[in-house]
Amino acid sequence: MESLKGEKEVKCVWVNGAIIVGAGPSGLAVAACLSHHGVPYVILERSDCITSLWQHRTYDRLKLHLPKHFCELPLMPFPHDFPKYPSKNQFISYLNSYASRFNIRPRFNQSVHTAHFDPTSELWVVSTHHFQYISPWLVVATGENAEPVIPSITGINNFHGPILHTSLYKSGSHYKNQRVLVIGCGNSGMEVSFDLCRHNAKPFMVARNTVHVLPREMFGFSTFGIAMALLKWLPIKLVDKLVLALARLMLGDTARYGVRRPKTGPIELKLVTGKTPVLDVGQVAQIRSGNIKVMEGVKEITRTGAKFMDGQEKDFSAIILATGYKSNVPTWLKSCESFTKDGMPKTPFPMGWKGENGLYAVGFTRRGLLGTASDAVQIAKDISDQWMTVKDKSFRNSHIILLKST
């Protein structure tokens, strides 16, 4: 819409409640909890659907890494007939049911360009292409995994074949009988390599960094669940020693196959830095048998393949970047003291959910959906306590008031 002066008209939207940026599991969880307290909100989502990361940026064989009871959102458990580790499609189905149950209707295709706090009015101003949303409360729900990390590797632009990030990878069926370089050895790198094996491709996985590999289950119980139970009674370093002893017994010494472990234990590393251990569902057996070749760091990408730090040089048909994701908060949240330059809350868990001046963060705990659920409950309660103290009842009469275009 253009004005007579050729300038774009922007509609001001007063939100009689909270503005939530992001309609992934984190945004949905906060919305449901706010509804539970009777507090209105608006969710702004840049894509055309809820949980776009899960729907558009995940590979076909993905399953939840943890048992479903660790991955529930507040106020609604998974269906009883779902398996212990729900598939990608089952989880998406759960999220769609969640949104329907709590009547969550995001405003789609609303990419937030900027958000800033106006100290004069003490309100948040959130700008999209044609709208300015205004509210006392802003919930940042874009999470830790908003954008794929694309590393800078010498010579990568010279490679003759396809290069894609795991956010675009769907299935190994496209790589049958091909030699594929997988850069990264976290959960995504391990699982993509495993999937490539299942489709008769030949993956070469780069393990430049150290990583803990644990069995997904020990004695029929979730390894994560066992660790969490032990932490109630034992110090974290002792729990790590027990978990690693059992992992070595079940998986062997992974360093023998080129996958070196960090010096810090897996649970301590997860809680302190957020670095998640790889949960083995068959990858180690494929590495041990030689179906997944583990390589050292890449020195240079060539036209036909790659040169490695140990002097080897190999040809590949394709390269897959299993290099993770990052927060995009610094690109749109302006002049904010609550977030680091990497887009993570400065205040550590468990208090990172609350910032200054009515700002909140959900999905940044590095503790998965369990952390998301915890933060969502806290955020909704805090906003509800403030919202209920507003003396002017007319302030709360309607959800959205469209003001005159400016």
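A quick note: this is a predicted structure, and the numbers were derived from the prediction, not measured.
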Quiz prompt | Thr276 versus Lys270, side-chain donor and acceptor atoms under 3.5 Å | solution = yes

Quiz item: Any idea how Tyr360 and Trp353 line up, ring-wise: parallel (<30°), tilted (30 to 60°), or perpendicular (>60°)?
Solution: parallel

Exercise. State whether the number of non-hydrogen atoms from other residues, nucleotides or ligands found under 6.0 Å of Lys84 atom NZ is greater than 12.
Key: yes

Quiz item: Do His165 and Tyr325 make the cut of ring centroids closer than 6.0 angstrom?
Solution: yes

Quiz item: Any chance NZ of Lys68 has more than 12 other-residue heavy atoms, nucleotides or ligands included, within less than 6.0 Å?
Solution: yes

Quiz item: Any chance NZ of Lys326 has more than 12 other-residue heavy atoms, nucleotides or ligands included, within less than 6.0 Å?
Solution: no

Quiz item: Between Arg107 and Tyr133, is any side-chain donor less than 3.5 angstrom from a side-chain acceptor?
Solution: yes

Quiz prompt | Within 45° cone of Tyr85 ring axis and under 6.0 Å: Arg216 NZ or CZ | solution = yes

Quiz item: Does the side chain of His212 come under 3.5 Å of the side chain of Arg261 through a donor N or O and an acceptor N or O?
Solution: yes

Quiz item: So, for Phe339 and Phe364, is the gap between ring centers shorter than 6.0 Å?
Solution: yes

Practice problem: Evaluate whether atom NZ of Lys170 has more than 12 neighbouring non-hydrogen atoms of other residues, nucleotides or ligands under 6.0 angstrom away. | Solution: yes

Quiz item: Do the side-chain N and O atoms of Asn89 and Ser87 include a donor-acceptor pair separated by under 3.5 angstrom?
Solution: no

Practice problem: Verify whether one side chain among Gln110 and His130 offers a donor that lies under 3.5 Å from an acceptor in the other. | Solution: no

Practice problem: Take atom NZ of Lys334 as the centre, draw a 6.0 Å sphere, and report whether it contains more than 12 heavy atoms from other residues, nucleotides or ligands. | Solution: yes

Practice problem: Taking atom CZ of Arg208 as the centre, report whether more than 12 heavy atoms of other residues, nucleotides or ligands fall under 6.0 Å from it. | Solution: no

Practice problem: Scan for salt bridge (Lys or Arg N to Asp or Glu O under 4.0 Å) pairs involving residues 144-164, sequence neighbours excluded, and state none if there are none. | Solution: Arg46-Glu147

Quiz prompt | Side chains of Asp382 and Gln378, donor plus acceptor under 3.5 Å | solution = no

Self-check item: Row check, Phe349 ring normal vs Arg367 NZ/CZ: under 6.0 Å, within 45°
Solution: yes

Exercise. Can you see which heavy atom on Leu64 is nearest to which on Trp54, and at what distance?
Key: CD2-CH2, 3.5 Å

Practice problem: Determine the interplanar angle of the Phe78 and Tyr94 rings, folded into 0 to 90°, and report it as parallel if under 30°, tilted if 30 to 60°, perpendicular if over 60°. | Solution: parallel

Exercise. In sequence, state the C-alpha distance, the side-chain angles, and the governing distance for Arg198 and Arg61, and then conclude on side-chain contact (heavy atoms from CB on, under 4.5 Å).
Key: CA-CA 11 Å; Arg198 293 172 67 249; Arg61 73 173 302 272; 3.8 Å; yes

Quiz item: Side-chain donor-acceptor pair under 3.5 Å between Asp60 and Ser171, yes or no?
Solution: no

Practice problem: Report yes or no: do Ser121 and Asp118 form a side-chain donor-acceptor pair below 3.5 Å? | Solution: yes

